[in-house]
Structure formats: structure tokens, C-alpha cells
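Contents: one structure, followed by commentary.
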Amino acid sequence: MTQNVKLAMLLVALCAAAVGLFSVSMGFNRQTPAAPPANASSALGDTLETEEPEPLPPATVRFVAAGDNLIHDNIYSQARARAGGEGFDFTLAYQGVEKLFVGADIAFINQETPIAESVFPLSGYPMFNSPEAVGDYVEKMGFNVVNHSNNHMFDMGERGLIATLDFWAGKPEILAIGAWRTEEDMKKPLLVAKNGITFGFVPMTEHTNGLSLPKDSAMRYVKTNEYDLMKEQVELAKANADFVVVSAHWGTENSTDANDNQRYLAQMFADWGVDLVLGHHSHTLQPMEWLEGADGNRTLVAYSVGNFISGMLNPQNMLGGVLDIDVTKDGETGEVAITRAKMIPIVTQYDYGVKNIRVYAFEDYTPELAREHGMNRNVSYFGLDFLKSIYQKNIPEEFWPFQAA
């Protein structure tokens with residue numbers, strides 16, 4: 001090796017060492033370059049800041065609720081006749097209100113009568129048993145929460161109630177509430193999640209018409225005088241849901257007023273942090289109001305939404321309601337609240353002799369239909385003005401839909 005080559009190699013090595021020392025002294029890291037400080041300026045003089053993530057947009061669920069689907073024998077007999085004796089056709093009965101549930105995310109109904117056709121003959125008042133075709137049509141209309149906690153839940157005994165639950169179990173998109181097969185099942189919350197909002201349901205009934213489960217039955221349900229059990233169920237729902245609905249089958253039949261016990265319980269539910277109290281059983285449209293809970297929370301109470309359909313004979317039984325609300329979750333804070341609430345009136349109509357029983361949205365109910373109602377031969381004051389007087393007395397104007405004004 002020549003002296004010149006050795007000298008060149010020595011110079012290269014010295015240069016490399018010098019670069020390394022310079023790098024270390026300047027704090028360079030070859031593998032992970034140091035990030036500029038948050039307030040460092042770019043060549044253009046702009047401050048580099050960490051961008052905050054965009055807040056999530058609010059999420060909204062449309063929740064719609066109907067009252068008592070009370071299937072008197074003339075309702076299913078007429079449906080059977082329209083089907084020509086083979087099966088049942090409930091189209092005429094419900095087609096006038098089906099539009100009210102289109103687009104709903106959650107649709108609730110109180111199925112007043114058992115659906116135990118698989119084990120017992122069909123029957124009407126006072127011990128009801130309805131055809132499975134009723135449940136099929138309930139599904140067709142879009143209902144996905146079906147309540148059986150009511151005074152007719154034991155009309156067909158424990159066996160009939162089990163058959164009813166079995167029927168709904170065959171429809172996985174529907175949550176059937178109101179009775180639990182076992183104590184262990186009762187410890188599981190009743191939940192429906194839509195659009196990122198979870199709804200928890202707490203069903204209960206004031207009466208069971210003097211009927212009860214066998215003493216050795218494993219089944220469970222909740223009565224409105226079981227305060228500790230009610231609170232346990234509310235707390236279970238609150239721990240697992242964003243929005244809690246109490247389904248209360250209570251009140252005085254045929255009365256358009258909420259009684260003292262209903263009001264006492266409603267305030268109790270508000271104090272427990274329930275978001276919505278949804279009442280039924282009176283077969284009439286009862287008052288609707290906001291209550292303030294112990295923590296300053298707001299609870300919407302519909303004491304009774306009345307009948308969805310029935311073959312009842314009192315004029316006040318003809319007016320029902322469909323509760324239609326929006327529940328919104330703030331994308332930034334996670335807070336959930338009712339942001340829109342309307343009570344849409346509906347009317348049960350039938351011809352003389354309680355024939356052709358059907359339901360109309362009030363906006364489609366005409367003076368001619370009112371004059372043709374089958375009860376007009378016995379009740380001279382029945383008509384649009386009578387129905388409006390109940391609605392306007394019980395439903396504050398803030399809850400009126402456009403067609404009710």
C-alpha cells in the first residue's frame with residue numbers, strides 16, 4: 001500500500017469520527033428524529049399545534065309507542081271472515097295507522113292479550129287468547145318491543161304465558177317484555193340499542209285480575225306495589241342503558257284522569273332517574289306532562305296512551321294516542337335527552353253492531369266517519385268535538401302534532 005493511499009484512508013476515518021462526534025454533541029438520533037416542540041414555527045412562520053379530534057355528531061333515535069292492542073273476539077272473527085275462513089286478514093283493522101310507525105327506530109306496543117293459540121282455543125273477553133296472526137301483523141307494522149305485563153297476562157295461566165313468550169322468541173328482531181321465565185333471567189337488563197343509544201325497559205303491572213302464577217312457578221313479573229323490586233329493575237336498566245323507559249300498566253279503567261297512585265309512582269320514577277314513563281291500561285287517553293326528579297332531571301310521563309284497537313263500547317275508549325319522540329345523544333358530552341315529543345291522536349271506528357272495527361289517524365278522521373260511528377245510535381254526543389275535548393284537556397299544546405292544532 002502506498003503512502004498516499006494510507007494517508008487518504010486516515011483522512012476518511014478522521015472525517016467520519018468528526019461527523020459522529022458532531023452528531024452526538026447536537027443530540028441527533030438517527031433512528032427516531034426528535035419531534036419539533038408544539039410551539040415550533042415552520043418555514044412559513046405558522047405555529048404547529050396538535051389538532052383536536054372532531055367531536056362526534058349527535059345521534060338520534062325515533063321512539064314510537066302505542067297503547068292497548070286489545071283483541072276482542074269480534075276483531076279476530078272479522079279478520080277471519082275477511083280471509084275467507086282460512087287464516088286471518090287484519091289489514092282493514094290497522095291500515096289506517098300503519099304510516100305512523102314507518103321510519104321508527106324503536107316501536108313499542110302493549111299487547112293486552114296473550115297469544116297462546118298453540119296450546120289453547122281462541123277466546124275473547126274476559127279471558128283472552130289471540131291468534132298468532134295478530135302477532136305476525138304487529139311485527140309487520142314494525143313493532144320491535146312488545147309488552148305483556150298487564151292485567152290479562154295470566155288469562156291462559158302459566159302455560160299460556162310460556163306459549164306467548166315462545167311465540168315471540170321465534171321473532172328474534174322483537175324484544176318481548178313483561179315476564180321472565182326464571183329469577184336468573186330477571187337479573188339481565190331488557191335492552192334495545194339503536195344508532196349508538198341503548199334503551200332499557202322496566203315493565204310492571206298494577207293488576208292481574210286476581211290471577212297469579214302457581215306457587216312453585218319459576219316465572220317472575222313486577223307489580224307496582226313492589227317498590228324495592230321496581231327500584232332494583234330501574235337501577236339495573238340505568239347501569240346498562242343510556243335511556244330508561246318504565247312501562248306501567250296502571251290507573252282506573254275508562255277514566256281520562258290520572259289517579260293519585262299513578263301520580264305518586266310517576267314522581268317516584270322521576271326521582272329514581274327514569275327518562276320516560278309510558279302508561280297504559282285505562283283504555284283512555286290520559287294526561288301527559290314533564291316531571292322534575294330529585295336530581296333536577298326531567299322525566300316525560302304519559303299516564304296512559306289509551307287503546308290502540310279494541311271492541312269496547314264507551315265513547316272515551318275510542319280515542320287513543322301514539323307517542324312519538326326523538327331521543328338524542330350529544331356526540332361530545334354523551335348526554336341523552338328527549339329533543340322532540342308529540343302525542344298523535346288515533347280513533348277506533350266501527351259500524352253499527354261493532355262491525356268492521358278499524359283504527360284511523362286523527363288527521364284522516366272526518367266528520368262523516370264520526371257521524372257513521374256505530375255508537376251514535378246510543379251516544380248522541382259522540383263526535384269530533386267530543387274527541388278533541390279529551391285530547392285538548394289532557395295533552396299540553398307543546399305535544400300537539402300539526403294535525404291536532
Side-chain angles (χ1 to χ4, degrees), residues 61 63-70 101 104-114 138 143-154 161 164-165 168 174-180 185-186 188-192 194 198-208 220-227 229-238 240-251 258 261-263 265-270 272-283 285-286 288 291 299-308 320-325 327 338 341 343:
V61 168
F63 176 93
V64 181
D68 303 334
N69 201 34
L70 180 54
F101 309 99
D105 298 298
I106 301 177
F108 169 104
I109 191 169
N110 173 52
Q111 180 55 45
E112 184 83 5
T113 56
V138 163
F143 291 101
N144 51 14
V145 180
V146 179
N147 175 68
H148 277 281
S149 183
N150 57 55
N151 59 305
H152 290 288
M153 64 191 297
F154 299 137
L161 183 55
T164 299
L165 295 180
W168 293 117
I174 293 178
L175 173 67
I177 66 173
W180 293 265
D185 286 344
M186 198 176 192
K188 302 171 185 176
L190 299 168
L191 306 176
V192 175
K194 296 288 183 179
T198 301
F199 286 66
F201 293 88
V202 182
M204 60 191 67
T205 184
E206 184 175 5
H207 306 291
T208 57
R220 295 290 181 266
Y221 69 105
V222 180
K223 293 191 293 185
T224 57
N225 62 357
E226 296 178 300
Y227 296 167
L229 185 55
M230 288 191 298
K231 189 171 185 179
E232 285 178 12
Q233 287 295 305
V234 168
E235 293 298 330
L236 177 64
K238 287 177 63 178
N240 292 275
D242 301 300
F243 190 90
V244 176
V245 181
V246 161
S247 168
H249 202 73
W250 60 2
N261 187 56
Q262 285 172 280
R263 294 186 182 277
L265 290 173
Q267 185 60 58
M268 180 185 294
F269 298 143
W272 290 348
V274 168
D275 298 289
L276 171 65
V277 179
L278 179 59
H280 29 86
H281 172 65
S282 68
H283 309 299
L285 186 64
Q286 291 188 340
M288 181 174 173
L291 292 180
T299 300
L300 183 62
V301 181
Y303 287 97
S304 176
V305 291
N307 285 334
F308 187 51
V322 171
L323 180 66
D324 191 334
I325 69 175
V327 177
I338 296 172
M343 182 65 78

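Relative ring orientation between Phe199 and Phe201 is described as parallel, the plane-to-plane angle staying below 30° on a 0-90° scale split at 30° and 60°. Note on ring orientation: taking the six-membered ring where Trp is involved, the planes of His280 and His249 are tilted (angle from 30° to 60°).
Distance check: Thr198 OG1 to Asp242 CG gives 5.0 Å after rounding to the nearest 0.5 Å.
Looking only at side-chain heavy atoms (C-beta outward), Lys231 and Tyr227 stay at 4.5 Å or farther from each other. You'll find the side chain of Thr208 reaches within 4.5 Å of the side chain of Met153, heavy atoms only. Counting heavy atoms from C-beta outward, Ile177 and Val145 have side chains that approach closer than 4.5 Å. Between Glu112 and Asn151 the shortest side-chain heavy-atom distance falls below 4.5 Å. Looking at Trp272 and Thr299, their side chains never come closer than 4.5 Å, going by heavy atoms from C-beta outward. Using a 4.5 Å cut-off on side-chain heavy atoms (C-beta onward), Asn147 and Phe108 make contact. Put simply, the side chain of Val246 does not reach to within 4.5 Å of the side chain of Leu265, judged on heavy atoms. Using a 4.5 Å cut-off on side-chain heavy atoms (C-beta onward), Tyr221 and His148 make no contact.
A donor-acceptor pair is defined here as one N or O able to donate and one able to accept, closer than 3.5 Å; no such pair exists between the side chain of Ser304 and the backbone of Gln286. His283 contributes a side-chain N or O that, together with a main-chain N or O of His281, makes up a donor-acceptor pair within less than 3.5 Å. No side-chain donor-acceptor contact under 3.5 Å links Gln267 to the backbone of Leu291.
Taking the ring-ring contact (aromatic ring centres under 6.0 Å, His included) definition, one finds that Phe308 meets it with Tyr94, Phe101, Phe143, sequence neighbours left out. Here Thr113 pairs with Leu70, Ile71, Gln111, Phe128, Ser130 under the side-chain contact (heavy atoms from CB on, under 4.5 Å) rule; sequence neighbours left out. By the side-chain hydrogen bond (donor to acceptor under 3.5 Å, both in side chains) test, Asn150 pairs with Asn110, sequence neighbours left out. Every side-chain contact (heavy atoms from CB on, under 4.5 Å) that Arg220 has, sequence neighbours left out, goes to Trp180, Glu183, Met186. Not counting sequence neighbours, Asn225 has no partner by the side-chain hydrogen bond (donor to acceptor under 3.5 Å, both in side chains) test. Scanning for salt bridge (Lys or Arg N to Asp or Glu O under 4.0 Å) contacts around Asp324 gives Arg62, Arg340, with sequence neighbours left out.
Of all heavy-atom pairs spanning Leu165 and Ala179, the tightest one is CD1-O, 4.1 Å. Contact between Ala341 and Met288 at its shortest, heavy atoms only, is CB-CE, 4.5 Å. Considering all non-hydrogen atoms of both residues, Leu191 and Leu175 come closest at O-CD2, 3.9 Å. Closest approach of Thr205 and Ser149 over heavy atoms only: N-OG, 3.4 Å. For Glu206 against Trp250, the heavy-atom pair with the smallest separation is OE1-CA, 3.3 Å. Between Gly67 and Val305, the closest heavy-atom pair is CA-CG2, 3.3 Å.
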request  = Evaluate side-chain contact (heavy atoms from CB on, under 4.5 Å) for Asp275 paired with Ile338, printing each intermediate quantity in order.
outcome  = CA-CA 8 Å; Asp275 298 289; Ile338 296 172; 5.5 Å; no
message = Show, in sequence, the C-alpha distance, side-chain angles and deciding distance for Asn144 and Lys194, and conclude whether the side-chain contact (heavy atoms from CB on, under 4.5 Å) test is met.
response = CA-CA 12 Å; Asn144 51 14; Lys194 296 288 183 179; 4.1 Å; yes
message = As a quick check of understanding, evaluate side-chain contact (heavy atoms from CB on, under 4.5 Å) for Ile106 and Val61, giving each step before the final call.
response = CA-CA 8 Å; Ile106 301 177; Val61 168; 4.2 Å; yes
task = Determine, stepwise, if the pair Leu236 / Glu232 fulfils side-chain contact (heavy atoms from CB on, under 4.5 Å).
result = CA-CA 6 Å; Leu236 177 64; Glu232 285 178 12; over 6 Å; no
